[in-house]
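Read the numbers this way: they start at 1 and go in the same order the structure lists the ligands and their atoms. No experiment lies behind these values; they were computed from the predicted model shown.
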Amino acid sequence: MRHRIAVAGGGPAGLTFARVMHRYGHPVTVLERDPGPAARPPGGTLDLHEKLGQLALDKAGLLAEFRALSRPEGQAMRILDPDGTVLRDWQPRPDDPAHPEIDRGQLRDLLLGPLDVQWGREVTKVVPRTSDGVLVYFADGSQDTFGLVIGADGAWSRVRPAVSSVTPHYTGVTAVETSLDDIDHRHPGLARLIGDGSMAVYGVNRALVAQRSSGGHVKAYAQFRAPLDWHANLDLADTEAVRSSLLARFDGWAASVLGLLRHGSAFIHRPLYVLPVSHTWAHVPGVTLLGDAAHLMPPLGAGANLAMIEGAELAESAAAAGAGDLDKTVRAFEEQMWARAGRWAKMTAAGLERLVSPDPAEAIALFDEVQPS
Ligand SMILES: Cc1cc2nc3c(=O)[nH]c(=O)nc-3n(C[C@H](O)[C@H](O)[C@H](O)COP(=O)(O)OP(=O)(O)OC[C@H]3O[C@@H](n4cnc5c(N)ncnc54)[C@H](O)[C@@H]3O)c2cc1C
């Protein structure tokens with residue numbers, strides 16, 4: 001390949017792109033801000049859809065390995081009333097291939113495989129159209145040039161300003177994440193309530209959601225509508241103060257479900273931001289975006305899937321373009337990405353409105369529409 005290609009970000013988008021390129025024998029420079037793969041906890045679990053994330057892994061030659069690692073039983077979904085009554089309980093068929101779960105850390109390691117990632121390489125700015133190509137500036141003061149720079153650096157992308165002036169805006173919904181370890185032994189009652197997959201409880205403008213990862217690890221999310229400064233009088237680093245504040249917010253809910261908050265360890269504040277539903281830009285030769293950098297949307301099971309299929313598709317077409325017109329290939333890819341991401345952004349925005357809404361029946365109705373009966 002004639003062009004040097006760099007991808008900023010070693011998340012699902014960047015790694016899938018690099019891994020598919022690797023499969024076709026084209027090296028890509030992966031620039032990742034984290035100092036190493038174990039620099040921070042990898043996060044919870046992801047469901048990978050057959051026609052999105054799994055298709056991307058197939059394009060990377062990793063589908064069999066994914067199937068060996070993934071948890072089809074993790075597709076189980078239970079909805080409870082705030083008083084603890086079970087309202088819905090969906091169980092997947094054995095080995096249901098629709099959207100099995102995989103731990104984020106396992107997915108990252110699967111994609112990393114033989115890739116040579118440049119860890120601790122934080123991109124600060126990208127300047128297209130210089131005489132040498134696209135200029136990339138790094139936090140350590142160094143710079144480098146590439147023929148194509150792909151921004152797969154997530155919600156707060158430093159590559160995005162090279163193509164678009166748009167920035168994410170707050171949805172009005174905040175999530176506070178907590179974790180429970182070894183749940184089957186330490187909290188068997190909660191473990192039974194959550195089951196093999198996910199459990200959600202919907203109240204007025206608030207929800208509690210728990211998702212099981214492998215090894216008895218659970219991530220739980222308290223979600224609620226609130227102004228961005230809801231924590232003005234709260235020290236978010238004070239675990240017990242956050243716990244009390246959340247318990248007060250969910251006052252009146254069954255003790256069984258509040259166990260998620262009572263037993264959760266550290267709390268992580270995650271206000272939900274999104275990019276506009278149809279975020280597009282005038283094509284800039286030499287720079288493009290993938291994944292959350294291009295179309296940040298509410299976390300309703302689509303973001304990583306889209307990031308991965310986009311990475312795989314761009315890699316396939318870039319590899320096929322070879323020494324040919326890479327810019328034309330990127331331009332065509334962007335059109336395809338915008339159309340698909342626009343549809344999902346619309347669906348997930350509408351979904352968030354119904355899941356964290358004044359009328360909890362809306363949340364259940366949404367699940368009834370999308371879950372197989
Ligand atoms: C709680 C939660 C649950 C979710 N559940 C699901 C789910 O079940 N299914 C699903 O499909 N999606 C889910 N999502 C959404 C999904 O996590 C994201 O859409 C997905 O991770 C986007 O992938 P990405 O590669 O575009 O960006 P990211 O995963 O954000 O990766 C970006 C990478 O770039 C690196 N980086 C950032 N800035 C720089 C820089 N300046 N220079 C170099 N590197 C940089 C970061 O360290 C990171 O490694 C969930 C999201 C949340 C918050």
Listed partners of S70 passing side-chain hydrogen bond (donor to acceptor under 3.5 Å, both in side chains), at least two apart: none
Side chain to side chain donor-acceptor pair (under 3.5 Å) partners of residues 11-25, not counting sequence neighbours, each pair once: none
Between T45 and R71: side-chain donor-acceptor atoms closer than 3.5 Å: yes
N or O contact, E122 vs ligand 1, cut-off under 3.5 Å: no
Contact check: A304 vs ligand 1, nitrogen or oxygen atoms, below 3.5 angstrom: yes
Ligand 1 contacted by R104 (non-hydrogen, < 4.0 Å): yes
Test item, R121 contacting ligand 1 (heavy atom, 4.0 angstrom): yes
N or O pair under 3.5 Å between E32 and ligand 1: yes
Proximity of A302 to ligand 1 by residue part, where a heavy atom lies under 4.0 Å: backbone
Interatomic spacing from CZ in R249 to OG in S244 - rounded to 0.5 Å: 13.0 Å
Non-hydrogen atom of R40 closer than 4.0 Å to ligand 1: yes
Sub-4.0 Å heavy-atom contact, Y221 with ligand 1: yes
